[in-house]
Structure formats: C-alpha cells, structure tokens
Amino acid sequence: MVASLGVAPVLLMSAPAGAVDISISGFVRQEVAVKVDDRENPFNTAGNPYNGVAVATDPLIPIGNSVTRPTRSAENDFNLFASRLEVNLDAVFDPSLKFHATLRGYYDWNVYDDNGDTSFFETPVRGGERGTLLEVSGKDYMVDLPAAYVDYSTGPLFFRLGNQQIAWGEALFFRVLDVPSGLDLRRHLIFDPAAEEFSDKRVSSPALRTSWQIDPVWEVDAFVQQFSPSVVPNPSTPYNAIPDQFTVHDRYSQVDGSWNVGGRLRAQFDDLGLQFMATSRRNPDGAYRWTASGVNKDIAGLAGTGAILAQTPFEVDGANGVYSATEWFDYAGMVRLSGVGAFNAALGDFAAAGALAGSLGITQTDDFAQVGRSLDTLFMLMGGTRGHIERLYPYENVFGFGANYIFSGEPDTLLDQLIGRFELTYTPDKTFTSPDLSQDFLKKDELAFALVFEKYHRFSEDFPATYIVFQYLHKSASDLLGRPLDGYGGTASQASTGIDGGFNALAVAIQQPSETLEWRFDLTALYDLQGGAMFQPGVKWKPDTDWQVDLYATLFAAEDNNKNAISTVDYADEVFMRVTRQF
C-alpha cells in the first residue's frame with residue numbers, strides 16, 4: 001500500500017492474511033524564497049520606514065519640533081530558506097481498520113536579519129511555547145504530528161479518530177465552507193501555490209469525524225474537534241503581520257479544552273450536488289483589543305509612573321516603540337484600525353491611562369489634529385511607546401450551503417462538462433476586532449460566498465487538457481484576512497473611513513501540462529475590486545518519480561490607500577523554489 005502522498009514506499013512489510021501491512025514513504029525538501037523587491041516588511045522593526053528619519057511633530061508642542069526613530073534598518077535578500085522532512089506511515093490491519101501518521105520536521109536556517117533574537121516557531125499560544133498540541137518547537141525548528149489517526153469503516157459508516165485536519169470547501173484563496181480548522185501561518189504565510197488550497201496550513205487537532213452514507217443519494221458528515229487557534233507569524237520574522245511596536249498577549253489558556261462541533265448533509269442528484277452545513281466553534285483567528293501591559297517601567301525623570309503605566313496598554317520602549325503621531329496614524333491605516341479611535345479607547349477603557357493623560361492636559365477627542373498633538377506629547381515624553389493588545393477567541397455559529405452542477409453542451413466546447421460551484425456561509429453576530437481596539441468588540445452579521453466555474457478543456461490534440469478555474473468572491477463585513485471593513489482607509493494624514501459594499505474579488509487559475517506530463521505551467525491571479533492584485537505564475541518539473549522542482553513567483557500590485565486587502569503584503573514580491581526528493 002502506498003501512502004496518501006502517492007510516492008514510492010521504501011519499506012513494505014507484507015504478511016499472510018490477518019497480519020498488518022505497513023508502508024513508509026515521505027520526502028525531503030529545500031524551500032527558498034528570494035526577494036525581488038527592495039522594500040522590507042514594514043511590520044518588522046528593521047523594516048520600519050521611519051527608522052533614522054526625522055519626523056516633524058506638532059508645532060504647538062513645546063518639547064521639540066521633530067523626532068527620529070533610532071533603529072537600524074536591514075536589507076534582506078531572502079524571505080525564506082528552510083529544509084523540511086516528512087515521513088508517512090500507513091498500517092492496514094484489515095480492509096475496515098487502518099492507521100495513518102505523518103511526522104513533519106521543519107528547520108529555518110535564519111538568514112533573515114531583523115536586529116533581534118528572532119524566534120520563527122516558538123509561540124505563547126499553548127504551554128511550552130507550542131503553536132499546536134502535538135508539536136515540539138525551538139527558535140529555528142519545529143517537529144510535529146500533523147496527522148495521527150485511525151480509520152474504521154463498516155458498511156455505510158466511517159469513523160476517523162485522532163489528530164487530523166478537517167477540510168471542507170474548494171474555493172481558492174478564500175475559505176467559505178472550509179471553517180473547521182484554523183491556519184498555521186508560520187511557514188511561508190499564505191504564499192504557497194494557491195492551487196494547494198491551504199493543504200499545508202490547516203491546524204490539526206484531536207477530533208472524531210464520522211460519515212454515514214444513508215443511501216446512494218444522501219450522506220451525513222459530522223465532527224467533534226478540540227479547538228485549536230490559528231497561529232500567526234512571530235514578531236521580526238519575514239512574514240510578520242502585526243507591527244513590532246505592539247506586544248500580543250494570547251489568551252488561549254482561557255479556552256483550552258473547548259471543542260468545536262459541526263455537521264454536513266450532502267446529496268448528489270445526477271449532475272446536481274447539494275450540501276448544508278452548520279458549525280458551532282470558537283473563531284480560530286480570534287479578536288484583538290487593548291489590554292493592560294503589566295510592565296512597570298518609569299518614564300525617564302518621573303519616578304512612580306511605571307506603576308501607573310502597568311495598568312494601561314502603554315509601555316516605555318525607547319528601542320522599538322512608536323515615536324510620533326505620524327508613525328501611529330500610518331501604522332493604524334496599514335493594519336486597518338482607527339488611529340483616533342484607538343487612542344480614545346485606550347484613555348476611556350483604562351482609568352489609569354485616562355488619569356495619566358489628564359495630568360498632561362490630554363483628553364479624548366475626535367479631532368484628528370488634536371489627537372495627533374496629544375500623541376506627539378505622550379510619545380516624546382515617554383521616548384518611544386509600545387502598545388499591548390490581547391487576542392481572545394469568541395464563540396460563533398456558522399451556517400452554510402453549497403451546490404455544484406455539471407453542465408452539458410456540445411462536445412469540445414467550453415460549456416461541455418463545465419462544473420459550477422456555489423459556496424455560502426452566514427455567521428450571525430460575528431465578533432470582530434473593533435477598529436478602535438476597545439473592550440467592546442465589533443459585532444456584525446456576515447455573509448460570505450464564492451461562485452466558482454471550473455473545467456478541463458483540450459485546446460489542442462497535441463497537449464493534455466488545460467485546467468481552468470474562475471471565481472467571484474464576496475464577504476459582507478470583513479476582508480480576505482478577516483479584518484472588519486470599518487477600519488479601512490486610514491493614512492498618516494487621514495482618519496479611517498471604512499468601505500461600503502463588502503469585500504469583492506475575482507480569481508482565476510490555469511494549469512497546462514506538457515505533452516509528456518514532465519512539466520506543468522501554472523498561472524493564478526487574485527484581483528481585489530478596490531484596487532489590488534496578486535499574480536502567481538509558476539512551473540512544476542517532475543523528471544522522474546523521485547524528484548520534483550517547483551518554481552513560482554508571487555507578485556503584488558496595489559494602490560497605496562489602505563482600501564484594498566492586497567496592500568498589506570505588497571512588500572512581499574518574491575520568487576520561491578521547492579526542490580523535493582521523494583522516497
């Protein structure tokens with residue numbers, strides 16, 4: 001028996017009937033991503049565009065008329081340089097009872113410079129600096145079991161028990177029905193080939209999954225799964241998405257032991273397929289808000305202020321903090337928050353912050369210029385300010401519907417055997433990070449759907465069929481990354497305005513194999529209708545059954561107005577290669 005990766009086994013132990021058949025397979029791989037843009041990740045300390053730049057402060061502030069962020073910037077050539085080993089074990093006890101396990105080892109050679117003691121994989125989500133349950137990690141490595149489960153089938157019933165991913169839905173870029181599992185974004189963020197549909201990103205966790213084939217038409221699929229959150233890249237790593245000027249306090253320990261449950265009812269009527277889904281879960285992406293820093297560090301020359309600041313979201317940080325109102329507003333826009341609202345919420349939600357600000361003559365106001373003046377006063381007095389936020393995981397119920405239909409047309413036409421898919425979810429009272437980071441989270445009903453058309457079409461008798469996918473994507477309240485649209489549009493000189501009409505995007509994917517199937521040429525593109533695009537051309541070369549080389553480029557083009565989702569990662573243009581030896 002060959003493992004699910006479809007690679008040749010190096011060990012196959014066959015035995016008489018009734019014994020256990022075991023096969024082992026896997027691969028070793030080198031993964032490299034080379035920057036093709038001279039911009040650094042602005043969310044990292046060494047990529048901050050204000051490093052070494054004199055920024056004018058409000059002229060009405062008597063403390064000074066400019067401030068310079070005293071941090072060295074870096075120049076990196078690589079976003080990724082890592083080695084991977086995966087070993088798969090499959091055991092067949094009898095046709096109804098099987099076992100599968102995958103051991104994954106990942107080592108980052110840490111060629112990325114960010115002026116700090118960077119940890120690529122240690123994360124405070126679970127105890128022991130782990131991001132997932134069955135994981136051992138250090139600064140440069142992680143070893144985990146993304147799969148370790150038993151399959152049992154009897155007649156129309158199927159059971160899978162153990163550590164596993166649960167993958168629902170088939171949309172590219174955009175997870176609509178695919179809601180059971182969160183994503184681990186520490187390895188190459190979301191920049192793997194888009195056609196792989198997050199297969200290497202879903203967080204595995206202990207679960208029981210079962211299905212019942214009621215009759216040839218109807219099937220029920222259900223799961224109970226331990227809640228595991230999404231794992232975001234660490235500060236100062238190449239794909240970090242949370243500005244280094246902020247410390248995140250993860251509150252997973254408050255919900256450790258929670259369980260998600262869900263089920264689907266599916267039916268296939270000739271060319272028409274239907275499915276209905278409901279899931280009760282904790283949102284794996286979480287929601288963020290201000291939290292008390294707990295750090296007792298005095299403002300220079302003001303003894304006792306550290307004890308007050310410990311009760312606020314602010315900490316004195318003369319190395320990696322925020323230095324000016326301009327920097328504050330600019331970064332708020334980058335992460336789709338309200339710079340004005342966030343400052344007001346910090347003063348209003350924390351009595352100590354309000355009292356400290358009041359002693360400096362600072363009060364809450366919606367006036368953009370006045371808030372900027374207050375921020376400059378505070379930051380210059382503190383000599384750099386770090387913010388503290390916490391991530392919590394609220395419950396939500398997600399209801400979904402899906403349909404697919406196979407069209408029939410004239411042979412060899414584009415309509416013949418065209419597959420149309422529709423995926424839709426509705427989440428009532430979904431909890432989002434409020435753009436002002438206030439203690440009261442933003443709650444909105446959210447509708448998300450994907451309309452997909454896909455087809456294999458043979459344009460020439462000399463080449464295999466071309467695979468083509470076209471999608472329209474919509475979310476009513478948040479963007480591709482789950483951020484509420486209310487915080488969109490802020491800049492260094494303008495408060496956030498939000499955007500209307502929801503998040504809307506178009507996506508296309510094309511795959512063309514060569515005559516001998518040794519080569520495959522890919523092109524995937526995503527266009528945010530607010531003015532941003534991602535392009536991912538690529539080629540796969542498989543000269544034999546043992547070796548495979550993947551070469552892709554991921555390129556971005558986006559308007560710099562913080563009104564599209566793509567501009568968040570516009571810095572990350574790269575070419576990446578994977579060289580794989582299968583065994």
Side-chain angles (χ1 to χ4, degrees), residues 38-75 114-116 235-236 242-247 293 295 297-302 305-306 309 312-335 337-344 346-347 353 356-388 489-496 560-562 571:
D38 60 3
R39 289 177 295 174
E40 293 291 321
N41 182 347
F43 302 120
N44 285 339
T45 297
N48 191 311
Y50 294 96
N51 290 343
V53 176
V55 177
T57 58
D58 191 287
L60 298 180
I61 297 175
I63 303 175
N65 56 17
S66 71
V67 63
T68 301
R69 200 170 194 273
T71 306
R72 176 182 65 86
S73 293
E75 294 183 4
D114 191 63
N115 301 336
S236 299
I242 298 176
D244 274 0
Q245 303 97 312
F246 293 85
T247 296
S293 72
V295 178
K297 187 185 299 183
D298 286 343
I299 297 173
L302 296 176
T305 52
L309 286 172
T312 79
F314 302 129
E315 170 194 350
V316 174
D317 186 346
N320 301 315
V322 182
Y323 278 79
S324 67
T326 300
E327 181 183 351
W328 171 277
F329 286 125
D330 197 1
Y331 272 84
M334 289 185 197
V335 294
L337 296 175
S338 167
V340 171
F343 183 65
N344 286 331
L347 301 188
L356 178 62
S359 68
L360 300 172
I362 295 173
T363 59
Q364 298 178 60
T365 176
D366 292 329
D367 182 84
F368 186 88
Q370 181 60 50
V371 171
R373 188 173 303 125
S374 297
L375 287 166
D376 277 336
T377 300
L378 181 63
F379 295 156
M380 294 191 74
L381 181 67
M382 294 180 65
T385 303
R386 169 170 293 275
H388 286 254
T491 67
S493 58
Q494 174 183 300
S496 57
D560 191 20
N561 56 11
N562 295 330
Y571 68 89

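In this chain, numbering begins with 1 at the start of the sequence shown.
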>> Give me the atom names and distance for the closest heavy-atom approach of Ser338 to Ala332.
In response: C-CB, 4.4 Å
>> Pair Val335, Ile242 - check side-chain contact (heavy atoms from CB on, under 4.5 Å), show working.
In response: CA-CA 8 Å; Val335 294; Ile242 298 176; over 6 Å; no
>> Whether the side chain of Thr71 engages the backbone of Ala46 through a donor-acceptor N/O pair (distance < 3.5 Å, no angle test) should be reported.
In response: no
Expected list for residues 356-363: side-chain donor-acceptor pairs under 3.5 angstrom, two or more places apart:
residue: Ser359; atom: OG; partner: Leu356; partner atom: O; Å: 2.5

>> Keeping Asp298 on the side-chain end and Thr305 on the backbone end, is there a donor-acceptor pair under 3.5 Å?
In response: yes
> Between Asp317 (side chain) and Gly384 (backbone), is there a donor-acceptor pair under 3.5 Å?
Replying inline: no
> Judged by atom type as modelled, is there a donor-acceptor pair below 3.5 Å linking the side chain of Thr68 to the main-chain atoms of Pro70?
Replying inline: no
> Hey, what do you get for CD1 (Ile61) to CG (Asp376), rounding to the nearest 0.5 Å?
Replying inline: 4.0 Å
> Hey, are Ser236 and Asp244 close enough side-chain-wise for a donor-acceptor pair under 3.5 Å?
Replying inline: yes
>> What verdict does the side-chain contact (heavy atoms from CB on, under 4.5 Å) test give for Leu375 and Phe343, after you've listed the backbone C-alpha separation in whole Å, the side-chain angles of each residue and the deciding distance to 0.1 Å?
In response: CA-CA 8 Å; Leu375 287 166; Phe343 183 65; 3.3 Å; yes
>> Check whether Tyr331 reaches the backbone of Pro42 with its side chain - one donor and one acceptor, N or O, closer than 3.5 Å.
In response: yes
> Residues two or more places apart in sequence or in another chain: which of them pass ring pair (Phe, Tyr, Trp, His ring centres under 6.0 Å) with Phe379?
Replying inline: Trp328
> Can you tell me if Asn562 uses its side chain to pair, donor with acceptor, with the backbone of Thr491 under 3.5 Å?
Replying inline: no
>> Using the side-chain hydrogen bond (donor to acceptor under 3.5 Å, both in side chains) criterion, which residues pair with Asn44? Sequence neighbours excluded.
In response: Tyr112, Asn240
> Do Gln245 side-chain atoms and Gly387 backbone N/O form a donor-acceptor pair below 3.5 Å?
Replying inline: no
>> Asp330: which residues meet the salt bridge (charged side-chain N to carboxylate O under 4.0 Å, His left out) condition with it, sequence neighbours left out?
In response: none
> Considering residues at least two apart in sequence or located in another chain, which fulfil the side-chain hydrogen bond (donor to acceptor under 3.5 Å, both in side chains) criterion with Gln364?
Replying inline: none
> If you take all heavy atoms of Ser293 and His388, which pair is closest and at what distance?
Replying inline: CB-CD2, 3.3 Å
> Quick one: CG on Asn41 to CG on Asn48, what's the gap to the nearest 0.5 Å?
Replying inline: 10.5 Å
> What's the verdict on side-chain contact (heavy atoms from CB on, under 4.5 Å) for Asp366 and Asn344, showing C-alpha distance, side-chain angles and the deciding distance?
Replying inline: CA-CA 8 Å; Asp366 292 329; Asn344 286 331; 3.5 Å; yes
>> According to side-chain hydrogen bond (donor to acceptor under 3.5 Å, both in side chains), who are the partners of Thr247, at least two apart in sequence or on a separate chain?
In response: Arg386
>> Just verifying a value: how many Å separate Glu327 CD and Asn51 CG, rounded to the nearest 0.5 Å?
In response: 8.0 Å
> At their closest point, which heavy atom of Ala495 faces which heavy atom of Val340, and how far apart are they?
Replying inline: CB-CG2, 4.5 Å
>> Out of the candidates Thr365, Thr57, Leu60, Asp367, only one should pair with Arg373 under the side chain to side chain contact (heavy atoms under 4.5 Å, CB included) rule; please name it.
In response: Leu60
> For the atom pair CZ (Arg69) and OG1 (Thr45), what is the distance rounded to the nearest 0.5 Å?
Replying inline: 6.0 Å
>> Go through it in stages, so that I can follow the logic: the residues are Phe329 and Phe368, the test is side-chain contact (heavy atoms from CB on, under 4.5 Å), and I'd like the CA-CA distance, side-chain angles, deciding distance and then a yes or no.
In response: CA-CA 10 Å; Phe329 286 125; Phe368 186 88; 3.7 Å; yes
